[in-house]
Amino acid sequence: MNKKSFMARSLALLSCSSILFVTACGQAPVDPSSFSNIEDVAKVAVVATPTPELEGYNLLWSDEFDGSKLNMDIWNYEPHEPGWTNNELQEYTTSEDNVFVKDGNLVIKAIKEEDGSNVHYTSGKVTTQNKEDFLYGKVVVNAKVPEGQGLWPAIWMMPTDESYYGQWPKCGEIDIMEVLGNDVTTAYGTLHWGEPHGEKQGIVTLEDGTTFADSFHEYSVEWEPGEFRYYIDGEHYLTVNDWFTAIEGQDEKPYPAPFDQTFFVQLNLAVGGNWPGNPDDTTDFDNAEFLVDYVRVYQKDAYDLNVKKPEKVFKQADDTGNFITNGDFAVAEDLTDEQDWKFLLFEGGEGSAEIKDNTMIIYTEKKGTVDYSVQLVQPDLPMVKGKSYRLTFDCWSDEERPLIICVSAPTAGWVRYLKDSYLKVTTEPTTYTYEFTMKSKDDNNGRLEFNMGNKGSTATIYIQNVRLEEIEELSE
């Protein structure tokens with residue numbers, strides 16, 4: 001039975017008996033004898049939504065948002081001026097215009113205020129810091145995101161004492177959900193750590209014609225001493241068990257630092273910023289509302305604290321010395337799974353890819369708004385500090401057009417081991433060669449990228465004979 005059905009049934013079963021109605025977590029029981037009429041008793045009954053049990057866990061705390069006000073025993077407002085972080089435009093306020101409880105949901109609303117040529121954005125951010133902090137557990141949040149360019153809702157966690165291991169990213173950050181309002185088919189879950197900054201991100205894209213703005217979806221993370229597991233609507237999509245923290249130039253702190261300290265939950269709706277970009281004329285601020293149906297935090301009776309950091313496994317080259325799997329495109333593999341080659345679309349990019357006649361063929365329908373809007377990648381490449389590498393491939397296109405290639409670090413702050421290299425692909429098959437020395441910390445998850453978005457052309461690209469091999473040390 002869903003929450004709204006339960007409320008209706010509760011109202012139907014009301015009587016004037018001398019029972020106590022138990023309200024949402026963090027509120028005291030209410031004696032109905034204190035009310036003067038049945039309507040007031042009915043209002044309390046609507047508040048009484050039970051939080052379900054979860055097998056293997058105990059409920060630590062929850063908020064079902066059934067009252068008429070934000071429960072300040074659980075939550076804090078966190079006001080900030082515009083530009084506080086990420087070049088975001090909004091002012092986070094303590095106004096009930098920006099944060100309020102209505103119809104069983106927490107509502108965080110972004111508001112656009114115009115005074116002549118001046119535009120001012122307000123929104124809300126709430127946290128449980130120093131009220132409902134916890135170490136290890138399962139966080140479950142049911143939420144509906146807004147749609148619109150520049151809107152950026154988030155469910156995330158930060159440590160109670162951010163200075164314990166040092167400021168971000170050394171302190172760690174647990175992003176349970178982020179969605180960009182200009183692409184509400186895609187949700188992101190990310191774990192951040194460092195220093196240097198490391199991260200691992202999982203991405204879920206809805207492909208059935210629905211979006212995360214159409215209805216409520218349940219976002220959750222299971223946090224244990226040596227592992228994080230991320231879920232959307234009960235489907236597991238990301239596991240992280242390898243992280244670190246250190247002050248640059250010093251030894252790493254003992255694993256599982258920095259995720260061995262208490263964290264707290266945060267909910268906010270940002271406007272603009274480095275990642276989503278700024279709002280435009282298409283952004284509908286009348287409907288810029290981030291709705292949260294419930295937040296539930298569970299915890300096991302005990303956790304095994306005797307955990308060890310997993311050893312890195314480095315991919316081995318094939319018999320020819322090539323670290324690229326299926327670099328000759330002899331196998332017509334699945335380009336949507338997590339193995340070997342993967343074709344990706346982001347930020348308005350549209351297209352497809354296929355392997356045919358020992359050739360990777362990339363068809364672009366819409367170039368999108370960023371370089372990686374149309375992208376071909378191969379992850380899990382072994383990048384060892386001090387080693388030198390040579391990348392070669394053959395490439396041509398139906399007409400002259402640009403292409404950007406690099407070797408990136410998706411779990412190490414997206415630094416570039418081979419810097420972004422711009423080339424103009426012609427209609428003549430050409431062999432391209434790049435050499436570089438790995439100067440960063442060892443990484444078993446380097447990623448080769450071919451980026452074909454946002455560069456003025458949608459011409460079809462053909463790629464053959466991709467090789468990444470170790471070579472003699474390059475001279476400086």
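Since the structure is predicted, the reported quantities are computational estimates derived from the model, not experimental observations.
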Quiz prompt | Donor-acceptor pair between N274 and N87 side chains, under 3.5 angstrom | solution = yes
Practice problem: Begin with the C-alpha distance, continue with both residues' side-chain angles, and end with the deciding distance and a verdict on side chain to side chain contact (heavy atoms under 4.5 Å, CB included) for W243 and L191. | Solution: CA-CA 9 Å; W243 58 77; L191 197 69; 4.0 Å; yes
Practice problem: Determine whether L403 and I405 make a side-chain contact, defined as any pair of heavy atoms from C-beta on separated by less than 4.5 Å. | Solution: yes
Quiz item: Run the salt bridge (Lys or Arg N to Asp or Glu O under 4.0 Å) check on R390 and E472 step by step: do they pass?
Solution: CA-CA 10 Å; R390 178 184 294 121; E472 294 294 326; over 6 Å; no
Quiz item: Does the ring center of F259 lie less than 6.0 Å from the ring center of Y136?
Solution: no
Quiz item: Are any non-hydrogen side-chain atoms of R416 and S408 less than 4.5 angstrom apart?
Solution: yes
Practice problem: Quick one: list whatever passes ring pair (Phe, Tyr, Trp, His ring centres under 6.0 Å) with F290, sequence neighbours left out. | Solution: none
Self-check item: K170 to Y164, cation-pi by 6.0 Å centre distance and 45° axis angle
Solution: no
Quiz item: Judged by modelled atom types alone, do Q90 and S123 share a side-chain donor-acceptor pair under 3.5 Å?
Solution: no
Quiz item: Are a donor atom and an acceptor atom from the side chains of T431 and D394 found within less than 3.5 Å of each other?
Solution: yes
Quiz item: Do Y389 and Y417 make the cut of ring centroids closer than 6.0 angstrom?
Solution: no
Quiz item: Side chains of N142 and E218: is there a donor and an acceptor less than 3.5 Å apart?
Solution: no
Quiz item: Hey, are T205 and T185 close enough side-chain-wise for a donor-acceptor pair under 3.5 Å?
Solution: no
Quiz item: Taking atom types as modelled and ignoring hydrogens, do the side chains of W156 and E178 form a donor-acceptor contact shorter than 3.5 angstrom?
Solution: no
Practice problem: Answer yes or no: are there more than 12 heavy-atom neighbours, outside D304 itself, under 6.0 Å from its atom CG? | Solution: yes
Quiz item: Is the number of heavy atoms from other residues, nucleotides or ligands under 6.0 Å of D281 CG greater than 12?
Solution: no
Quiz item: Would you say E222 and F228 make side-chain contact, with heavy atoms under 4.5 Å?
Solution: no
Quiz item: Hey, does N326 have a side-chain heavy atom less than 4.5 Å from the side chain of I355?
Solution: yes
Quiz prompt | Check: N86/E88 side-chain N/O donor and acceptor closer than 3.5 Å | solution = yes
Practice problem: Decide whether Q266 and T127 meet the rule of one side-chain donor and one side-chain acceptor closer than 3.5 Å. | Solution: no
Self-check item: Side chains of K131 and N76, donor plus acceptor under 3.5 Å
Solution: yes
Quiz item: Can you name the nearest heavy-atom pair linking L418 to C406, along with the distance?
Solution: O-CB, 3.3 Å
Exercise. May I have the step-by-step check of ring pair (Phe, Tyr, Trp, His ring centres under 6.0 Å) for F134 and F264, ending in yes or no?
Key: CA-CA 7 Å; F134 59 97; F264 60 91; 9.6 Å; no
Exercise. Verify the distance criterion only: is there a donor paired with an acceptor across the side chains of D161 and S163 at less than 3.5 Å?
Key: yes
Self-check item: Neighbour count above 12 (heavy atom, 6.0 Å) for K424 NZ
Solution: no
Quiz item: In terms of heavy-atom contacts, does NZ of K367 have more than 12 from other residues, nucleotides or ligands at under 6.0 Å?
Solution: no
Practice problem: Please indicate whether D280 has more than 12 foreign heavy atoms, meaning atoms of other residues, nucleotides or ligands, lying under 6.0 Å from its CG. | Solution: yes
Self-check item: N268 and Y92 side chains, donor-acceptor separation under 3.5 Å
Solution: yes
Self-check item: Polar contact flag, side-chain donor to acceptor under 3.5 angstrom, Q149-T282
Solution: no
Practice problem: Verify the neighbour count for atom NZ of K441: are there more than 12 heavy atoms of other residues, nucleotides or ligands below 6.0 Å? | Solution: yes
Self-check item: Residue pair T239 / K200, side-chain donor-acceptor N/O under 3.5 Å
Solution: no
Exercise. Return yes if a side-chain donor-acceptor contact under 3.5 Å exists between T458 and T364, otherwise no.
Key: no
Practice problem: Decide if atom NZ of K144 counts as having more than 12 heavy atoms of other residues, nucleotides or ligands within a radius under 6.0 Å. | Solution: yes
Practice problem: Begin from the C-alpha positions of W341 and M360 and carry the test side chain to side chain contact (heavy atoms under 4.5 Å, CB included) through to its verdict. | Solution: CA-CA 10 Å; W341 292 109; M360 175 71 74; 4.1 Å; yes
Practice problem: Consider only side-chain N and O atoms of S220 and R296, and report whether a donor and an acceptor are under 3.5 Å apart. | Solution: no
Practice problem: Evaluate the criterion salt bridge (Lys or Arg N to Asp or Glu O under 4.0 Å) for residue pair D242 and K312; output intermediate values, then yes/no. | Solution: CA-CA 9 Å; D242 184 5; K312 289 184 182 296; 3.3 Å; yes
Self-check item: Donor + acceptor pair across side chains of Y363, D398 (<3.5 Å)
Solution: no
Quiz prompt | Residues, nucleotides or ligands: over 12 heavy atoms within 6.0 Å of K419 NZ | solution = no
Self-check item: Salt-bridge criterion met for K300 and E224 (N-O under 4.0 Å)
Solution: yes
Quiz item: Would you call F314 and F323 a side-chain contact if the rule is heavy atoms closer than 4.5 Å?
Solution: no
Quiz prompt | E195-H197 side chain donor-acceptor pair, cut-off 3.5 Å | solution = no
Quiz item: Does the side chain of H120 come under 3.5 Å of the side chain of E91 through a donor N or O and an acceptor N or O?
Solution: yes
